[in-house]
2 protein chains.
Amino acid sequence: MLLDMPGQAPSHCGDCQIRHRAVCAKCDTDELQRLEEIKYYRSFEAGQTVIWSGDHMGFVGSIVTGIATLTQTMEDGRTQMVGLLLPSDFVGRPGREIAPYDVVATSDIVMCCFRRKPFEEMMESTPHIAQRLLQMTLDELDAAREWMLVLGRKKARERIASLLAIIARRDATLKLASLQGKIEFDLPLTREAMADYLGLTLETVSRQISALKKDGVISVEGNRHVTVHDMDTLLQEAGDDTDGGILS
Amino acid sequence: MLLDMPGQAPSHCGDCQIRHRAVCAKCDTDELQRLEEIKYYRSFEAGQTVIWSGDHMGFVGSIVTGIATLTQTMEDGRTQMVGLLLPSDFVGRPGREIAPYDVVATSDIVMCCFRRKPFEEMMESTPHIAQRLLQMTLDELDAAREWMLVLGRKKARERIASLLAIIARRDATLKLASLQGKIEFDLPLTREAMADYLGLTLETVSRQISALKKDGVISVEGNRHVTVHDMDTLLQEAGDDTDGGILS
DNA sequence: TTAAACCTTTGATCTGCGTCAAAGAAGACT
DNA sequence: AGTCTTCTTTGACGCAGATCAAAGGTTTAA
């Protein structure tokens, strides 16, 4: 999950606008020009698989609009989501030919892509890009490890609360809204996708959401729209200490 | 988990020998000299906490000998291991002041450290280091996501088999031994530590190891020494497709 | 060698979540 | 508006793994 770098001019990368702060927040004009030259756009419909695990990956890029997921599937069909990709998140690995996970579009999405080879060549000659990617990757690593605690030790109710807290925080960050008091947002995932993220079944997800509703922690209208009445209460339900470590 | 880079001279970093391939596999002599100048050694006894979560981290470094773990603990004491640190693995984050996890020495360990500031300055001026760290971090990210599948979807028996497979493979890699047929190794972890890694209780770990013994998949002498009779069988028990994706 | 501390195994019981099943709701299309 | 499809909720029941408890091994130190 990426945050804006405060103090950086936001309109670096041509018509992508701030979307590429992930890649080029520190680039100078020259480097940006070169990024412009090798980039192109691709769209995918909701439900489409962008990249199959094991495929050759010809590009890297970032999400411009929409939501995608990173998932792993076992032979017998058990599925675990290992990442949630939001606008501005980076997809793909410099130096890796083969995709390790499925990337699936959860909504309609637009991606801005760079062919892998030229991107890697550019990385060689532009230290800032490797440094920026390192910071992004460290953030992702923290998120993955945070999630290992959720999957390994938290109870169903705590897992739901953790997920809601993450989504709420992301929305709150983008809106620069207060973290205290009410927060509303639309769930970007179906119950089944939530279950795949949380290591639960969709029935358990549904039951726990109902329970949080009944206990007045949240309210839900029309399946997707959630209101968190009090963020602190939610974080307590998530079993997190104070800020939940969900920061960053 | 780091592998040797084939074709690289192994004795780059002075008296650390190959231990710093992690950091300097691509460094030229000049850069290595500078690494030598800012490095120092620290030892810790088994059971000691090297770094407390939330502490200010004055250094980065790598494990020279011994085993350490990266763990997260909830207020009520529930613990999840989020990483296993073996010799040559990197500890710490350039650009991060605060340690996000506890680092605990599982055995007596020796670390080779660099003060964070000079190391970061060196990263600025030495693109190869950032690129090398990026590759390492991507490997760690893959390992963490692999583990998310284990924690989210695998059954107790599969989890044990997955852990044994990882340890066996690491030993096999270091010994350049065949991956077919018998493999023997010593478990670097107590049952409790295994449980913390696997998101189980120590009783369940013990029971499942007994079951794998009874079913002839492994044999164990003296609590720690394990013999895997057939690696393919173990990988099947782990629920992994063919090679288990444990590669890398 | 004996004791003490620790780690591991095994048993009995309990429970949270998965599984199976069926009945609502909410969109999407005609 | 009405039908279809997809998503969600709720219920009943069973089981894998947690919890509680105690005994058996292994290691360390005296």
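Letters go in sequence order (proteins before strands), and every chain restarts at 1. The basis for the numbers below is simple: all heavy atoms, side chains too, and nothing from hydrogens, waters or symmetry mates.
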Enumerate all atom pairs, one protein N or O and one N or O from nucleotides 26-30 of chain C, separated by less than 3.5 Å.
from	atom 1	to	atom 2	distance (Å)
C/dG27	OP1	A/Gly222	O	3.3

**OP:** With axes from five pairs an end, tell me the bend angle of the helix from C/dT1-D/dA30 to C/dT30-D/dA1, nearest 10°.
**Re:** 50°
Subject >> N-O pairing of B/Asp139 and A/Arg96 below 4.0 Å >> reply: yes
Subject >> Contacts of B/Asp55 that satisfy side-chain contact (heavy atoms from CB on, under 4.5 Å) - sequence neighbours left out >> reply: B/Ile51, B/Trp52
**OP:** Could I get the full list of side chain to side chain donor-acceptor pair (under 3.5 Å) partners for A/Arg157, not counting sequence neighbours?
**Re:** A/Asp215, A/Glu237
**OP:** Apply side chain to side chain donor-acceptor pair (under 3.5 Å) to B/Arg159 and list each qualifying residue two or more places apart in sequence or on a separate chain.
**Re:** none
Subject >> Beyond-backbone contact of A/Leu164 with A/Phe185, side-chain heavy atoms, under 4.5 angstrom >> reply: yes
Original post:
Does the side chain of B/His229 reach to within under 4.5 Å of the side chain of B/Val217, using non-hydrogen atoms?
Top reply: no
Original post:
Parallel, tilted or perpendicular for B/Phe59 and B/Tyr40, by the 30°/60° rule?
Top reply: perpendicular
**OP:** Rounded off to whole Å, could you give me the NZ-to-C1' distance for the B/Lys155 and C/dG18 pair?
**Re:** 11 Å
Subject >> Contact interval (first through last nucleotide) of DNA chain D with protein chain A, 4.0 Å heavy-atom >> reply: D/dT8 to D/dA12
Original post:
Where along residues 203-211 of chain A does a heavy atom come under 4.0 Å from DNA chain D, residue by residue in number order?
Top reply: A/Glu203, A/Ser206, A/Arg207, A/Ser210
Subject >> Test side-chain contact (heavy atoms from CB on, under 4.5 Å) applied to B/Thr137 - qualifying residues, sequence neighbours left out >> reply: A/Leu134, A/Thr137, A/Leu138, A/Leu141
Original post:
Is the closest basic N to carboxylate O distance between A/Lys154 and A/Asp240 below 4.0 Å?
Top reply: yes
**OP:** List for me each residue that meets side chain to side chain donor-acceptor pair (under 3.5 Å) alongside A/Asp108, sequence neighbours excluded, and say none if there are none.
**Re:** none
**OP:** Quick one: list whatever passes side-chain contact (heavy atoms from CB on, under 4.5 Å) with B/Thr106, sequence neighbours left out.
**Re:** B/Ile67, B/Thr69, B/Leu189
Subject >> Salt-bridge criterion met for A/Arg145 and B/Glu140 (N-O under 4.0 Å) >> reply: yes
**OP:** Identify whether any heavy atom of B/Gly47 sits under 4.0 Å from a base atom; if not, whether one sits that close to sugar-phosphate; answer base, sugar-phosphate or nothing.
**Re:** nothing
**OP:** Identify, with sequence neighbours excluded, every residue that meets side chain to side chain donor-acceptor pair (under 3.5 Å) alongside A/Thr233.
**Re:** A/Asp230
**OP:** Verify the neighbour count for atom NZ of B/Lys213: are there more than 12 heavy atoms of other residues, nucleotides or ligands below 6.0 Å?
**Re:** yes
Original post:
Quick one: are A/Leu163 and A/Met194 in side-chain contact, heavy atoms under 4.5 Å?
Top reply: yes
Original post:
Listed in order of residue number, which residues of residues 188-196 of chain B have a non-hydrogen atom at under 4.0 Å from DNA chain C?
Top reply: B/Thr190, B/Arg191
